[in-house]
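To keep things clear, I will list the structure first and then write my remarks on it.
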Amino acid sequence: MSKQKGMLVYSNFYLAQQALPGIEAIDFYLAQSIFKQSSIHHDDSEIEVLFHLFLALSESQRNGHSCLDLAEVAGSTLWQGSDLDVEYSGASATHAEQTTEMASGFTFPNLERLLSLLAPYSRSEDSQQLLVVLEFEQLYLRRYWQFEQQLANFLSEKVKHVSAGDNTKCREIIKHLFSEQNPDIDWQLISVANALNKNFAIIAGGPGTGKTYTVTKLLAGLLMQQPDAHIAMVAPTGKAAQRLTESIISAVSAFKKAGAINSDILDRIPSTASTIHRLLGVIKNSPNFRHNQENKLSCDVLLIDEVSMVDLPMMTRTFRALPTHCKVILLGDADQLPSVATGSVLADLAPWPSTQYSHANKDYIEQVTGQTLPYFEQDTSIDYLSYLTFSRRFSGEGGIGKIAKLVIAGEADNSWQQLSASNSDELSYVGNKSIIDYINQLTTQYYAPIFKAQSISDAFKVLDNFRILAPTREGETGLVNLNALVEQQLTKLNCIKASNELYHGKPIMISQNHYGVGLFNGDIGLLFNDQAGRLMAYFADGNSNAEGDIVGDGYRALSIARLPAFETVYAMTIHKTQGSEFNNVALVLPNAGKNRLLSRELIYTGITRAKSHLQIFTSKDVWQSAVRTKVSRASGLTKRLLDALK
């Protein structure tokens with residue numbers, strides 16, 4: 001690096017750290033590393049633009065994007081000073097005062113100029129040493145470009161494999177699984193038939209649409225095709241895996257009771273699901289897994305639930321470990337929040353809001369089901385995707401179902417009218433109380449009964465009935481403050497002592513995986529006195545009986561000293577509740593100002609955690625701003641896959 005170049009890059013360190021709200025130290029160091037590693041020569045004016053592009057790339061990746069869409073930044077000004085951006089970046093109040101006046105931001109040149117500057121970084125065989133890659137007018141960190149490219153290749157190979165010549169067998173399986181067929185289009189039946197002859201299928205749908213019920217029938221059908229098939233079932237978190245296990249067991253039990261499917265087939269469906277991490281085999285202090293492209297998994301069918309929570313690197317690593325013949329079935333709600341980490345895999349793989357089969361696939365399904373599908377104008381190659389749209393939980397006319405549909409459709413005005421006028425058994429608007437008064441009311445009604453419970457089972461029933469959900473951790477309506485307010489009210493009610501940090505009846509959430517004791521990030525537990533009066537940590541028994549655990553009554557107890565890191569969980573972030581459901585939910589949004597975290601997907605995810613009753617604490621401005629904001633993550637996965645399937 002020349003002295004002049006080095007001085008300019010280092011001068012940008014001051015600019016990045018002191019005058020660009022939202023930029024963090026890691027962004028600067030990554031941008032500088034790209035220059036240090038590259039042998040490509042640039043003059044000072046080029047370095048200035050490229051340095052800011054690399055800052056923007058790093059920031060976008062931290063915010064979940066797989067790449068930086070150059071068309072989005074071309075001609076725009078980023079990092080102009082605002083309290084919003086500084087607060088979101090986690091800067092201190094003092095730093096916020098220092099940067100607000102200084103942050104004039106940086107204006108990027110037009111797209112043609114950006115592409116010209118980045119031409120040396122275009123995808124090519126001789127650019128393997130570069131840390132960034134330009135493709136599709138998008139700028140990638142090479143690592144994530146490789147993840148995306150590999151996943152698209154894996155998927156295209158799976159999608160291209162369609163079994164031929166077994167329509168008769170598929171027709172027999174469908175008749176066995178759906179003995180009472182509805183003359184109207186049965187999308188559960190269609191989804192099963194569609195997946196029977198494919199090595200890759202997605203069954204997508206909102207809450208209550210019967211995704212697990214449908215996939216249980218599909219697993220039975222696959223076992224009818226291949227009786228000795230080894231099926232693995234996984235989910236991104238321990239809680240989601242537990243719910244998948246419970247749902248599959250419930251569906252199998254119902255099918256046995258109805259006598260609709262042979263018991264010997266149902267008995268071969270797995271009764272337990274695990275986390276993806278556990279399936280792949282965690283290596284301590286390593287991002288890699290025991291199972292990979294060199295050490296494949298031994299399964300014939302892999303079912304992944306709650307796919308919206310799975311990030312790009314994890315999905316790619318999963319596909320690396322799969323044998324070529326393995327069928328993959330993905331379940332999820334494409335309208336939910338994308339993963340906390342990089343990528344939006346499910347949204348990328350579900351590019352249309354409704355089922356759009358090719359004409360050839362439509363003919364196959366009609367032959368094996370006897371049903372007549374609507375005409376699909378677009379002869380698409382997305383045959384792997386089936387949507388379930390009828391919700392048995394939410395009719396769409398009730399408060400929760402109706403508000404959920406309006407929110408995800410971006411209907412800011414109509415959804416506000418619906419919400420502000422609601423005070424029903426399903427949906428209530430809370431807008432005329434202070435946050436302290438509101439939390440005091442919720443605590444007395446829903447959480448104080450935990451401390452009257454006579455058994456751990458009764459205590460969990462109370463806890464599982466209700467949860468406070470919030471978008472953020474910090475601030476007046478962040479979960480840290482909400483949990484503190486709950487504990488203050490419990491102290492006033494003489495349920496707990498203010499001096500006790502650990503106490504009988506305290507709900508906790510694990511925040512760090514610990515495979516030794518079988519606890520994972522997101523697992524919910526209760527601190528509860530055992531019969532001897534010792535304060536123990538209880539968790540639902542997820543068939544993970546680590547040595548020394550006390551198992552009984554469907555729960556297991558561990559010494560608090562054995563627990564990994566945990567936190568109080570009267571209130572949870574909406575992200576952490578993905579894969580969970582509660583009969584009653586209080587959704588607490590900021591009552592003033594704007595927040596970059598708020599979006600229609602976030603609100604929708606919070607709404608759909610409620611099964612019976614939902615309360616929403618918000619203001620009109622915050623609500624409408626959130627509903628108008630759509631999460632859109634930059635990615636090239638959809639284009640890569642569609643191009644490969646042409």
Side-chain angles (χ1 to χ4, degrees), residues 188 204-216 235 237-251 253-254 305-306 308-309 331-333 335-337 388-408 415 418-419 422-430 442 445-447 449-450 457-470 507 509 522-524 540 554 569-589 601-617:
Q188 292 185 341
T209 53
K211 294 187 294 294
T212 310
Y213 172 92
T214 302
V215 83
T216 305
T237 66
K239 182 64 176 178
Q242 180 184 338
R243 280 199 58 226
L244 176 59
T245 296
E246 294 168 352
S247 298
I248 293 288
I249 290 174
S250 176
S253 177
D305 195 15
E306 296 290 352
S308 63
M309 300 168 65
L331 294 184
D333 185 348
D335 290 326
Q336 279 193 34
L337 282 167
L388 303 178
T389 57
F390 177 73
S391 176
R392 287 160 177 78
R393 186 190 309 168
F394 305 132
S395 65
E397 297 304 317
I400 298 176
K402 191 169 185 179
I403 198 75
K405 286 187 175 182
L406 290 172
V407 165
I408 205 61
S415 65
Q418 168 75 13
L419 173 61
S422 294
N423 188 17
S424 66
D425 291 339
E426 268 199 28
L427 179 65
S428 300
Y429 165 60
V430 182
L442 295 175
Q445 180 179 358
Y446 290 107
Y447 286 138
I450 292 175
S457 177
D458 290 342
F460 263 106
K461 286 179 182 177
V462 176
L463 176 63
D464 292 342
N465 180 58
F466 172 74
R467 202 59 46 87
I468 300 170
L469 308 187
M509 180 171 64
D523 284 353
I524 303 294
V569 72
Y570 295 106
M572 301 174 65
T573 60
I574 296 172
H575 265 106
K576 285 287 189 180
T577 62
Q578 286 183 270
S580 299
E581 294 175 345
F582 309 97
N583 286 327
N584 302 282
V585 164
L587 181 58
V588 178
L589 305 180
E601 288 82 5
L602 184 93
I603 304 302
Y604 171 85
T605 302
I607 288 170
T608 54
R609 299 312 91 200
K611 296 173 66 176
S612 301
H613 183 73
L614 171 69
Q615 304 177 45
I616 300 179
F617 179 93

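Given the structure is predicted, the values throughout are model-derived calculations rather than measurements.
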Could you state the interatomic distance from [atom1] ([X]) to [atom2] ([Y]), rounded to the nearest 0.5 Å?
X	Y	atom1	atom2	value
D425	H613	CG	NE2	8.0 Å
H575	L602	NE2	CG	6.5 Å
L442	I468	CG	CD1	5.0 Å
I408	Q336	CD1	CD	9.0 Å
T608	Q578	OG1	CD	8.5 Å
E601	D333	CD	CG	10.5 Å

Closest approach of [X] to [Y] (non-hydrogen atoms, all atoms of both residues):
X	Y	answer
Q242	A540	NE2-CB, 3.5 Å
F582	T577	CE1-CG2, 4.3 Å
A241	A235	N-CB, 3.5 Å
V407	S415	CG2-CB, 4.3 Å
K211	G206	NZ-O, 3.1 Å
P449	Q445	CG-O, 3.6 Å

Exam field: side chain [X] to backbone [Y], donor-acceptor pair closer than 3.5 Å:
X	Y	value
T216	T212	yes
T605	L337	yes
Y447	Y570	yes
S253	I249	no
R609	S580	yes
K611	N465	no
S247	L244	no
E426	I400	yes

Are [X] and [Y] side-chain neighbours, meaning at least one heavy-atom pair lies under 4.5 Å?
X	Y	result
V215	I248	yes
D305	R243	no
I574	L587	yes
V430	V588	no

Can you list the steps and then say if L427 with I616 is a side chain to side chain contact (heavy atoms under 4.5 Å, CB included)?
-> CA-CA 8 Å; L427 179 65; I616 300 179; 4.1 Å; yes
Output all residues satisfying side-chain contact (heavy atoms from CB on, under 4.5 Å) with V569, sequence neighbours left out; order by chain, then residue number.
->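 Testing V569 for side-chain contact (heavy atoms from CB on, under 4.5 Å), a comparison that skips the adjacent residues, returns R467, P507, M509, I524, M572.
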